Every structure is written in structure tokens, then in C-alpha cells.
There are 2 protein chains.
Amino acid sequence: MKQRPPTIKDVAEQAGCGIATVSRVLNGSGSASADTREKVLAAVDALGFEFSALGRSLQSNSTKTIGCIVPSLANPIFAEVVQAAQHEAHREGYQLILACSEYDEELELQAVRTLIAKKIDGLVLTVNNAEDSEALALIGKRQVPCSLVYNRSVHGLPSWAIDNRSAAREAARAFHGHGHVQTGFLALRFNRSDRSRERYEGFVEACRDYGMAEPLLLEIEEQDGNLLDLLGTLLTEHKSLTGIFASNDFLALAAMKAARALGRRIPENLSLIGFDGISTGLMVDPHLTTIETDPRTMGQGAVQTVLARLLGRPVPGQPAPDTTFRFRPGGSLGPPDPGRTDGREAATSLPSSEQPPNRLSSRQESPT
Amino acid sequence: MKQRPPTIKDVAEQAGCGIATVSRVLNGSGSASADTREKVLAAVDALGFEFSALGRSLQSNSTKTIGCIVPSLANPIFAEVVQAAQHEAHREGYQLILACSEYDEELELQAVRTLIAKKIDGLVLTVNNAEDSEALALIGKRQVPCSLVYNRSVHGLPSWAIDNRSAAREAARAFHGHGHVQTGFLALRFNRSDRSRERYEGFVEACRDYGMAEPLLLEIEEQDGNLLDLLGTLLTEHKSLTGIFASNDFLALAAMKAARALGRRIPENLSLIGFDGISTGLMVDPHLTTIETDPRTMGQGAVQTVLARLLGRPVPGQPAPDTTFRFRPGGSLGPPDPGRTDGREAATSLPSSEQPPNRLSSRQESPT
DNA sequence: CCCTGAATTGGAAACGTTTCCAAAATGTCT
DNA sequence: AGACATTTTGGAAACGTTTCCAATTCAGGG
């Protein structure tokens with residue numbers, strides 16, 4: 001009965017040779033006679049020896065490990081990013097150490113510290129506020145090969161990110177195209193995410209450009225289970241809005257639900273556009289209109305970028321901004337009910353109009 | 001300009017003392033004069049020194065790292081498991097190394113090998129087939145502290161798992177209670193998951209006990225994007241079924257969609273029960289009837305179990321089987337349309353009956 | 001001012017690898 | 001058989017820590 005796992009020394013002893021020889025045989029580096037090779041292999045087999053990555057890493061100054069920090073896995077977008085990152089890393093023989101910042105800058109910084117101490121070879125992460133992130137500062141100082149995901153490039157770091165502003169402009173354009181004027185922007189932890197802010201800013205700008213009213217910022221501080229109630233309150237407080245752009249699909253779907261609970265019909269009484277393009281948006285009726293993004297490509301790209309730098313390969317180019325998202329039509333966006341537009345139009349028809357065009361557009365999903 | 005990160009040796013030199021002293025000061029072990037303590041701290045500050053976890057781990061024989069293997073993060077259940085596991089590990093100062101087996105036993109085994117080589121202190125994992133898993137065998141041989149998640153206990157390993165059989169019996173009971181006789185069990189990668197099989201077996205048994213027909217096994221081999229088409233085909237091939245129990249919520253929702261595309265109404269023409277209790281089930285209309293599970297508790301519990309063993313604490317008991325799931329009523333389950341039951345009942349009412357009890361039961365959701 | 005016990009200190013071994021280097025063994029050619 | 005080239009081998013250093021242990025310093029009591 002062995003207690004500790006066998007080391008290379010045990011193998012050497014068993015095989016009757018030096019540890020250097022064992023190392024060479026097992027790594028295929030240097031030469032060895034057929035005889036000793038055989039003896040070493042036999043010893044390895046007998047002892048069930050496996051190299052310890054620790055000694056190896058200490059010596060080689062490389063852990064074959066890359067860190068990955070995302071705000072949360074509750075958001076399927078990040079789950080996909082991580083999944084893709086893990087997959088890509090694995091393909092190249094790297095492991096992934098995962099940390100969740102939980103939208104907390106303190107945790108974020110701490111995670112970076114720990115990962116650096118663990119001597120990760122590279123880092124792939126989404127920070128909460130890229131502009132003035134202590135975490136990124138530390139990364140810069142320590143020169144850790146790194147790529148951002150879902151954050152705009154900053155300090156010259158490579159980044160695989162959505163062009164949030166342009167995407168938000170698309171949403172504004174869609175609203176405008178359907179005749180909406182009074183819109184709102186719905187966000188969950190607005191101050192905790194620069195992504196949300198960028199979407200808001202792009203949306204506001206574009207609404208202004210289209211001559212629409214300034215969008216209302218509908219902000220929800222924390223999600224404590226009563227999200228639907230909070231949304232219900234918000235919706236009743238702002239009856240005049242005909243369209244809401246949500247900073248993510250989950251929020252949009254929740255808003256959809258809350259609006260329905262209030263007896264409002266989608267999209268006649270309220271149009272909704274989400275962000276991210278999670279598959280759930282295609283399970284509801286009508287389909288959620290949204291900005292579709294591709295988290296898998298982002299996660300994969302970020303890892304490739306880091307690995308390329310690590311392995312001295314040509315670093316892949318970052319994605320062209322206009323390819324980072326795609327407007328996905330769906331039935332949750334339609335013309336506002338003329339009966340209750342913001343006072344300027346004549347009120348004529350009843351809220352029962354069953355807009356066929358929306359049904360139609362809700363067919364457009366294509367299973368990815 | 002320092003190139004490599006500073007080591008304890010650099011600090012010692014800068015502070016003008018031995019490395020042992022630096023170690024003692026920084027770790028608060030052993031004594032040190034106020035004078036040297038100060039000098040060491042100053043040197044640390046000046047150099048920006050941080051311990052390397054590598055040397056430390058090599059010496060202490062502990063990496064403060066635990067491995068986590070799940071089939072995939074695409075399933076929100078596992079995303080939540082991982083999230084909770086990560087959180088719990090972090091709480092105790094441990095990092096999480098993540099690996100996805102992608103429902104592949106080969107990858108699973110390989111992941112275990114790599115993690116062991118990386119000298120993880122413990123392991124938390126969901127395997128595809130617990131009974132005869134090479135991965136588990138290896139874990140057993142190497143004596144890695146470990147806990148299963150979502151797999152039934154095996155080889156005496158601790159496990160945080162759903163009582164799949166009993167849960168499936170609940171589903172059968174519900175179907176029976178509503179008068180269903182001809183049911184089916186829908187699974188995605190049936191042979192790749194013992195969880196799916198257990199659910200099936202429990203369902204079959206219970207259906208037999210209730211005097212219902214033997215459930216049809218509706219198996220989908222691989223998910224290649226045309227999932228909805230495949231489901232559509234399956235549904236038209238098996239028109240006689242009035243209720244389908246799906247091995248997870250995602251499948252159930254997809255089936256719901258596919259059935260609707262065929263013009264069938266839920267639940268009048270087809271009742272559906274899912275498994276897992278993902279929140280998406282509450283976003284659709286009617287709500288998905290399902291077996292609700294608590295992946296967070298499972299992930300957290302598994303990590304606690306492993307950590308307890310690692311830290312010599314009393315190991316928490318595993319959850320009582322009957323607390324591992326909860327039947328969640330929803331509008332997707334209702335009495336079958338008598339007009340097309342399997343021939344034994346009289347056909348009386350029209351398919352337009354708008355079952356109020358189901359609507360009611362669909363209200364029962366409580367935001368977690 | 002010397003002695004004792006306690007506090008402080010640094011050298012060195014150990015953890016498991018890889019790799020440099022020189023030594024030993026083997027082979028080849030006159 | 002001797003000289004030399006080549007292959008095979010193992011000792012030892014290095015990677016960055018912790019910790020044992022012996023040596024040094026210090027404080028205070030005689």
C-alpha cells in the first residue's frame with residue numbers, strides 16, 4: 001500500500017537508474033537504450049506513476065492553466081463564454097481556473113490576485129467597469145497575457161466584445177421604424193456594468209438622432225426575488241412608454257411577463273427588445289425581439305488570443321465591430337397601439353388588433 | 001525594471017536578512033524583531049512581492065484548489081451547480097478548476113487524470129454513468145477526496161443527488177391523476193446519462209403500478225440544431241400519446257414548441273412535464289409543469305462535503321432523498337382531451353375547454 | 001561581568017520536476 | 001589493439017516555498 005503518490009524518484013529506484021533517465025524516457029527527450037526504456041516503463045506501470053504538475057510547473061515556469069473571470073454563471077451568456085473558453089483551452093492542453101466576480105469589484109481584484117499567485121499562464125475576463133478597473137491595472141503591471149471578453153478594449157488590451165453602442169442604435173432604429181416615440185431603457189445593476197451603460201448611451205444618442213423622446217432610464221437596484229413586482233410597479237408608473245429596450249434578455253422576458261400580468265398585450269400595448277439573444281427568447285410567444293450576440297465565439301476568440309501570445313503564434317485579429325451582433329426580429333416588437341400613443345395621434349382603433357405582421361416576423365427564428 | 005516576478009529571495013536580499021525570516025514575518029509564524037519585521041515589510045512593498053502558490057503548494061502538499069467536472073454548462077442546471085460550487089469554494093479560500101466532459105466518458109477520464117496531476121485537493125463531479133465509470137475508479141484508487149453531484153451514491157462516495165426514481169414516480173402520479181394512460185418519456189442522449197435512465201425506469205415502474213400503459217421511450221440521439229424538426233417528427237409518429245415526461249426542462253419546452261407548431265394545444269392535446277425546474281419554465285405560457293430541483297444546494301453541499309473531509313471537520317450529512325426535488329405544478333399538465341383519448345373513454349366535450357384549475361396551479365410559482 | 005534562558009536569526013533540507021554537464025559505456029575504423 | 005566519435009547515463013543545480021535546527025543575539029539575574 002503506497003500512501004503518497006509515487007514520485008519520479010520512486011520510479012528511478014524501482015527501475016534501477018537515475019531520475020534524469022526516467023525523465024528523459026517519459027518525456028521522449030534525450031536518448032535511452034531500449035533496455036532501460038523498458039525497465040522504466042515497467043516501473044511506471046507497476047507503481048502507477050504520473051507526473052506531478054507542480055514540480056513540473058515550478059521548473060518550467062508554466063502551469064498550462066489559464067484563468068477565467070466572469071461576473072456570474074447565472075447569466076447564460078457567461079455560461080456559454082466559459083464553456084467555449086474551457087473547450088478551447090482544453091483543445092490546446094490548458095486547464096481553466098474559474099472565478100466569479102459576482103458583479104463586485106473587490107472580488108474581481110481579489111480573484112486576479114489569487115490567479116496571479118497561482119501562476120496562471122494567461123487570463124480571460126469580463127470586468128465590471130473596464131475604464132477604471134484596479135484588476136486590469138494589476139494585470140497590466142504584472143504583464144499577464146490577457147484578453148477581455150464582453151468589455152471594450154482598454155489600455156490596448158485585446159478584447160472580444162460586442163459593439164454595444166451600435167447594437168443599441170439598432171434597437172432605437174427598430175423602435176423608430178415601428179413608430180415608437182416614448183421608450184425606456186431597462187437595466188438591472190446599471191452602475192455595476194459598463195456594458196449596460198454603453199447600451200444605454202448608444203440608445204439615447206440614436207433616439208435623439210431619430211427625433212424620438214429621450215428614453216427613460218428604468219433602473220432596478222438589486223434582484224431580490226420580487227423582480228416581477230418591481231417591474232410591475234415600474235410599468236404602471238410609466239404607462240406612457242410604448243417600447244422598452246432591456247439591457248438583457250432575461251430582463252426583457254421578465255418585463256414581458258410583468259406587463260402581461262398587468263393585462264397589457266405584447267406588442268400592441270408594449271413592445272420589447274432584449275439584448276444577448278439567449279435561446280429562451282425563442283421559447284416564448286411571441287418571440288423576443290433582441291440583439292443577438294455570439295458568446296461562444298467571444299469566449300473561444302479570447303482564449304485563442306491569449307494562447308497565441310503564449311505560444312508565439314500570430315495573434316488572431318479581433319472581430320469587426322459590426323459582426324459582433326445581429327438584430328433578431330421577433331413578435332415582441334410591433335407598432336404601438338394607436339389608441340394610446342402619447343397624445344399626439346388620434347385614438348381610433350381598439351386594443352384588440354391582432355397584428356399579423358408580428359406573428360410573421362416571429363417565425364424568423366433559425367435554430368442555431 | 002524587474003522582469004520575473006520577485007521571489008522571497010529577492011525580498012530577503014533587499015531586507016538584508018535570510019529567506020526564512022521573510023517567510024516567518026509574512027506568514028506570522030515564528031518570531032521576529034520589530035526592526036526586521038519593518039524592513040521585510042518595506043522590501044515587500046518596494047518590490048511588490050507576492051508569494052508564488054507553486055513553491056508553496058509543492059512544499060505544503062496542498063494546492064487550495066478543487067476540481068469540478070460537469071457534462072456541460074449549456075444546461076443551466078450545471079451552470080448553477082458550478083456557480084454555487086465556485087462560491088462555496090471561494091468562501092473557504094479555495095479555487096475551482098473547471099472541466100466539461102461534454103457527455104463523453106473519454107474526456108471525463110482524461111479530465112480526472114489531469115486534475116489529479118495538478119494535485120487538486122478535492123474533486124466535485126457529475127459523471128455520465130456512475131455505475132461503471134473509469135473516472136470514478138481512478139478517483140477511488142488515488143484516494144482523492146470527492147463528492148458526486150447529481151449522481152446517485154456509488155462505491156460509498158458521498159453524493160448530492162436528486163432521487164430520480166421517486167421524482168419520476170411523481171410525474172407518473174400526476175399524469176395518472178389527470179387521467180392520462182398513454183405517455184412517453186423523452187430523452188436527449190439517453191445512453192449517455194444514468195440520470196436520464198433512472199428517471200425513465202422510475203417512470204415506467206410507476207406507470208405500471210398505476211395501471212397505465214407502458215410509456216414509450218422517445219429517444220433523440222444527437223442535437224444537431226434541427227431538434228424541433230426531430231421532435232415534430234416524433235410527435236406526429238406517436239399521435240396517441242396524451243402526455244410526455246421529458247428528461248429535462250429544455251427538452252420539454254422544445255417539445256411544447258414543436259407540438260404547437262403542429263397545431264396541438266397544451267395541455268388539451270398534449271400534456272408535458274419537465275425535469276429540473278429551470279426558471280425559463282416560468283416564462284412560457286402556460287407554465288411548465290416540472291420536477292423542481294435545487295442545483296445550488298447540490299453544488300454547495302458537494303463542496304462542503306469535500307472541504308469538511310479536507311479540513312477534518314464533521315462531514316455534513318447528505319440530503320434526505322425526499323427533499324431533493326419538488327413537484328411544481330403548471331399549466332402544461334391537464335386532463336387529456338376526451339375527444340381523442342385512447343378509445344376507452346367516451347368522447348363528449350370539445351377541445352376548447354379552458355381548464356381553469358391548471359391556470360390556477362400555474363400561479364403557484366414563487367421566485368427563488 | 002559572566003551565566004542562563006528566551007527570543008531571534010539564517011543555513012540547509014525537502015517538496016517533484018527538468019536540464020546542464022561531465023563521466024561512462026559502447027561502437028567504429030585503422 | 002588503440003584512438004576516437006557517439007550514445008547512454010546519473011549527479012547536481014535550479015525553480016520558490018516552509019520548516020527544522022543549530023547558532024547567534026539579547027535581557028536580566030547573580
Side-chain angles (χ1 to χ4, degrees), chain A residues 2-41 43-44 47-65 114 116-121 142, chain B residues 2-41 43-44 47-65 113-121 142:
Chain A
K2 276 252 111 57
Q3 203 60 294
R4 316 177 291 61
T7 78
I8 198 176
K9 211 172 295 182
D10 299 321
V11 176
E13 190 170 345
Q14 172 102 7
C17 64
I19 62 171
T21 306
V22 175
S23 175
R24 271 186 306 250
V25 168
L26 260 30
N27 291 310
S29 60
S31 54
S33 71
D35 186 45
T36 46
R37 199 192 321 274
E38 202 174 301
K39 274 194 291 195
V40 166
L41 259 22
V44 165
L47 295 169
F49 168 79
E50 298 226 17
F51 278 122
S52 155
L54 265 120
R56 207 169 235 195
S57 296
L58 187 56
Q59 145 72 29
S60 68
N61 202 27
S62 145
T63 53
K64 291 281 195 180
T65 299
T114 315
I116 289 182
K118 276 219 153 55
K119 298 292 172 196
I120 46 161
D121 292 341
R142 287 293 194 280
Chain B
K2 275 252 110 59
Q3 203 58 293
R4 314 179 294 62
T7 76
I8 198 175
K9 211 172 292 181
D10 299 320
V11 176
E13 190 171 345
Q14 171 103 5
C17 65
I19 62 171
T21 307
V22 176
S23 174
R24 271 185 307 250
V25 168
L26 261 29
N27 290 312
S29 60
S31 54
S33 70
D35 186 45
T36 44
R37 199 190 321 274
E38 202 173 300
K39 275 193 292 195
V40 166
L41 258 22
V44 165
L47 296 168
F49 169 80
E50 298 225 17
F51 277 123
S52 155
L54 253 77
R56 209 171 231 193
S57 294
L58 187 56
Q59 148 70 30
S60 69
N61 202 26
S62 144
T63 53
K64 291 279 194 183
T65 298
R113 281 233 177 73
T114 315
L115 292 180
I116 289 182
K118 277 221 154 52
K119 298 290 170 195
I120 46 162
D121 292 342
R142 288 291 194 279

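In this text the structure is predicted, and so the values were computed from the model without any measurement. The figures here come from the full heavy-atom set of this structure, side chains too, leaving out hydrogens, waters and symmetry mates. Chain naming here is simple, since letters A, B, ... match the order of the sequence lines and numbering starts at 1 in each.
Contact of the Thr21(B) side chain with the Lys39(B) side chain is not registered, since no non-hydrogen atoms from C-beta on lie closer than 4.5 Å. Between Thr7(A) and Ser52(A), the closest side-chain pair of non-hydrogen atoms is not below 4.5 Å.
A donor-acceptor pair under 3.5 Å is absent between the side-chain atoms of Ser29(A) and the main chain of Asn27(A), judged by distance alone. Under a 3.5 Å cut-off, the side chain of Lys118(B) and the backbone N or O of Thr63(A) do form a donor-acceptor pair.
Considering CZ of Arg113(B) and CG of Leu115(B), their distance stands at 12.0 Å, rounded to 0.5 Å. Once rounded to the nearest 0.5 Å, the distance linking CG of Leu58(B) with CZ of Arg56(B) reads 13.0 Å.
In this structure, Arg4(B) places its CZ atom 14 Å from C1' of dT17(D), rounding to the nearest Å. The separation between Phe51(B) atom CZ and dT19(D) atom P is 11 Å, rounded to whole Å. What separates CD1 of Ile116(A) from P of dG16(D) is a distance of 16 Å, to the nearest Å. Put simply, NZ on Lys118(A) is 14 Å from C1' on dT17(D), counting in whole angstrom units. Asp10(A) has its CG atom 10 Å from the P atom of dC15(C), to the nearest Å. Rounded to a whole Å, the NZ atom of Lys39(A) is 12 Å from the C1' atom of dT8(D). Between the C1' atom of dT17(D) and the CG atom of Leu26(B) lies a distance of 12 Å, rounded to the nearest Å. As a whole-Å value, the separation of Lys64(A) NZ from dT17(C) C1' is 15 Å.
Residues from residues 52-62 of chain A with heavy atoms under 4.0 angstrom of DNA chain C, sorted by number: Ser52(A), Gly55(A), Arg56(A), Leu58(A), Gln59(A).
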Show your reasoning for whether side-chain contact (heavy atoms from CB on, under 4.5 Å) applies to Gln14(A) and Leu47(A). CA-CA 9 Å; Gln14(A) 172 102 7; Leu47(A) 295 169; 4.1 Å; yes
What do the steps show when you test Glu50(B) against Arg142(A) for side-chain contact (heavy atoms from CB on, under 4.5 Å), and what is the final call? CA-CA 11 Å; Glu50(B) 298 225 17; Arg142(A) 287 293 194 280; 3.7 Å; yes
Write out a two-atom table: protein N or O, nucleotide N or O from nucleotides 9-12 of chain D, distance below 3.5 Å.
| from | atom 1 | to | atom 2 | distance (Å) |
| --- | --- | --- | --- | --- |
| dT9(D) | OP1 | Ser33(A) | OG | 3.1 |
| dT9(D) | OP1 | Thr36(A) | OG1 | 3.3 |
| dT9(D) | OP2 | Ser33(A) | N | 3.0 |
| dT9(D) | OP2 | Thr36(A) | OG1 | 3.0 |
| dG10(D) | OP2 | Gly18(A) | N | 2.9 |
| dG10(D) | OP2 | Thr21(A) | OG1 | 2.7 |
| dG10(D) | N7 | Arg24(A) | NH2 | 3.0 |
| dG10(D) | O6 | Arg24(A) | NH1 | 2.9 |

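Within a 6.0 Å sphere centred on CD of Glu13(B), heavy atoms belonging to other residues, nucleotides or ligands number 12 at most.
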